[in-house]
2 protein chains.
Amino acid sequence: MKILLIEDEPKVSAFIKKGLEEHTYEVDQAYDGFYGAKLALEKEYALVILDVILPRMNGVEVCKTIRQHNLTLPILMLTALGSTDDKILGLDSGADDYLVKPFEFQELLARIRALTRRSQESVGTEVLKMADLELDVQKKTVHRSGVPISLTAREFALLQYLLRNKERVVSRVDIIEQVWETSFDTGSNVIDVYINFLRKKIDRDFTPKLIHTLVGMGYVLKEMEEK
Amino acid sequence: MKILLIEDEPKVSAFIKKGLEEHTYEVDQAYDGFYGAKLALEKEYALVILDVILPRMNGVEVCKTIRQHNLTLPILMLTALGSTDDKILGLDSGADDYLVKPFEFQELLARIRALTRRSQESVGTEVLKMADLELDVQKKTVHRSGVPISLTAREFALLQYLLRNKERVVSRVDIIEQVWETSFDTGSNVIDVYINFLRKKIDRDFTPKLIHTLVGMGYVLKEMEEK
DNA sequence: CTTCAATCAGGAGGATTTTCATGTGGCGGT
DNA sequence: ACCGCCACATGAAAATCCTCCTGATTGAAG
């Protein structure tokens, strides 16, 4: 699981990185807000840990920037200040949680677990849509043009991932990592097979086709007239 | 009597929890609004104590969310701010009472007593329904098509949880955490066994079947024509 | 001591996931 | 235009995982 750590104090940053890595997280570091924001937008992280006081761009701005690009990734803010005002400012700018320095490392771990676990849950009903295709994350149901479609667990997970990244080409590596949760490439063609399953279920009997393959690149979910 | 405490400051939360437990209340904790709302909707509490400033979802939103799902459970809001505006905002959003931090613990206890007393007077007759299945939370009775069905305590708790989450797929992890109140996975199959008990009692002799299993995902309670 | 609730353990059966073998088509090179 | 290659598609078999059920065991209550 990848975490982006944006913190300018080299010692603090190194300390946190080391601790997290001992708990099997992968950590990317940024030492200023600008570079941090850049990384957050370009790569895919499970979580961002963000100091408030940073060179080039402060934590609140970084937070806003990420949210403007409506990424929903969890942001955990760190600060040396503990006043209510700062807390409000942080949460208003789009942070998901807040930790006051100095903190117990155990607490940091607990909050990370909480945030990453919760990123998959939801209180209300989360429905992902694309054209006439609808997927209800809670109910685990899928409809196309109102017709209910039943998927297996993997098929559902794959479709969900494609929907979350609709209009964007996702590579096999992305899919293996996000849907199968292994980066271990076994030279197998499971993905092809599952794409095929999905096509049968959600594209075969409908138009327009939504699943498209970009040879040598991966797959996209989008509305597109076939050539 | 179960109380849900939604408060992000670990120290404050721990303090309140401890105090309440000394007065024989059972306390569940949530450290952010999102998770708090989730718990409030899924489980049954006599009261919610809710901080205004929270990660992920602030107190006012949590309040609204709970009220939208027309639960009538008493909500006691906590805040560090004391201005009239905040108070109005809180009460408008559906809170039943309001306490400004810092407060005397005695006062908190008094208000809790007041709020829970009130709710007991209003003969809470909460009945969960689904198709021809009815479950009376207070009376602990279950009927299907008018036929009384007797369940054991666990069976009842499980069915109640499924009813509160009807139409939504609940995973084994959800069930273990909410009904058995352990997150400790013992690799056992208690849940399967209990689902089986419930099926025998509420589905075996009736149509349509209400309990459905989604392989690899969990169980749902819903009306559904079998494939 | 008896009874009933709650949990555990193991295997059958079925559904899902994965692999394998093979077919197809587009693209670059000639 | 033709050929061969590579990437992808597809069907079916194989392997694995998951669920359900039964019966035994533990534990608590009367």
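Order of the sequence lines sets the chain letters (A, B, ...), proteins ahead of strands, with each chain counted from 1. Because the structure is a prediction, the values reported are computed rather than measured.
What separates CE of Met217(B) from P of dC17(D) is a distance of 18 Å, to the nearest Å. In this structure, the CD1 atom of Ile195(A) is 15 Å from the C1' atom of dT17(C), given to the nearest Å. Atom CG in Asp192(A) sits about 17 Å away from atom P in dC6(D), given to the nearest Å. Note: CG (Leu214(A)) to P (dC27(C)) measures 12 Å, nearest angstrom. Separating the CD1 atom of Ile191(B) from the C1' atom of dA5(C) is a distance of 17 Å, rounded to the nearest angstrom. Atom CD in Glu155(B) sits roughly 8 Å away from atom P in dA5(C) (whole-Å rounding). Taking atom CG on Asp203(B) and atom P on dC20(D), their separation rounds to 12 Å, with Å as the unit. Going from atom CZ of Phe156(B) over to atom C1' of dC4(C) covers 19 Å, rounded to whole Å.
Phosphate contact (OP1/OP2 of dT19(D), side-chain N/O of Arg172(B), threshold under 4.0 Å): present. Residue Thr152(A) places none of its side-chain N or O atoms closer than 4.0 Å to OP1 or OP2 of dA15(C). Residue Arg154(B) has a polar side-chain atom (N or O) positioned under 4.0 Å from OP1 or OP2 of dT7(C). Contact between the side-chain N/O atoms of Tyr194(A) and the OP1/OP2 oxygens of dA9(D) is not found at any separation under 4.0 Å. Checking the phosphate oxygens (OP1, OP2) of dC8(D), no side-chain nitrogen or oxygen of Thr213(A) falls inside 4.0 Å.
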Are any protein N/O atoms closer than 3.5 Å to N/O atoms in nucleotides 11-14 of chain D? If there are, list each pair with its distance.
{"residue": "dG11(D)", "atom": "OP2", "partner": "Lys200(A)", "partner atom": "NZ", "Å": "3.4"}

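Place Val215(B) and Trp180(B) on DNA chain C by their nearest nucleotides, and Trp180(B) ends up nearer the 5' end.
Of the listed nucleotides (dC20(D), dT10(D), dC8(C)), dC20(D) has the atom at the smallest distance from the side chain of Tyr219(B).
In this structure, His23(A) and Phe105(A) have tilted ring planes: the angle between them lies in the 30° to 60° band.
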Verdict with supporting geometry, Lys17(B) and Glu7(B), salt bridge (Lys or Arg N to Asp or Glu O under 4.0 Å): CA-CA 10 Å; Lys17(B) 179 183 161 93; Glu7(B) 161 68 62; over 6 Å; no
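The 12-atom threshold is exceeded at OH of Tyr25(A), counting heavy atoms of other residues, nucleotides or ligands nearer than 6.0 Å. More than 12 heavy atoms of other shown residues, nucleotides or ligands fall within 6.0 angstrom of atom NZ in Lys222(B). Environment of CZ in Phe15(A): sparse, with no more than 12 heavy atoms of neighbouring residues, nucleotides or ligands closer than 6.0 Å. Enclosure of atom NZ in Lys129(B) is not indicated, since only 12 or fewer non-hydrogen atoms of other residues, nucleotides or ligands lie within 6.0 angstrom. Counting non-hydrogen atoms of other residues, nucleotides and ligands closer than 6.0 Å to CZ of Phe206(A) gives a total above 12.
Without hydrogens or angle criteria, Glu107(B) side chain to Glu104(B) main chain gives no donor-acceptor distance under 3.5 Å.
With sequence neighbours excluded, no residue satisfies salt bridge (charged side-chain N to carboxylate O under 4.0 Å, His left out) with Arg168(A).
With 3.5 Å as the limit, one finds a donor-acceptor pair spanning the side chains of Ser145(A) and Asp132(A).
Five base pairs at each end of the helix from dC1(C)-dG30(D) to dT30(C)-dA1(D) define two local axes, and these are offset by 30° (rounded to 10°).
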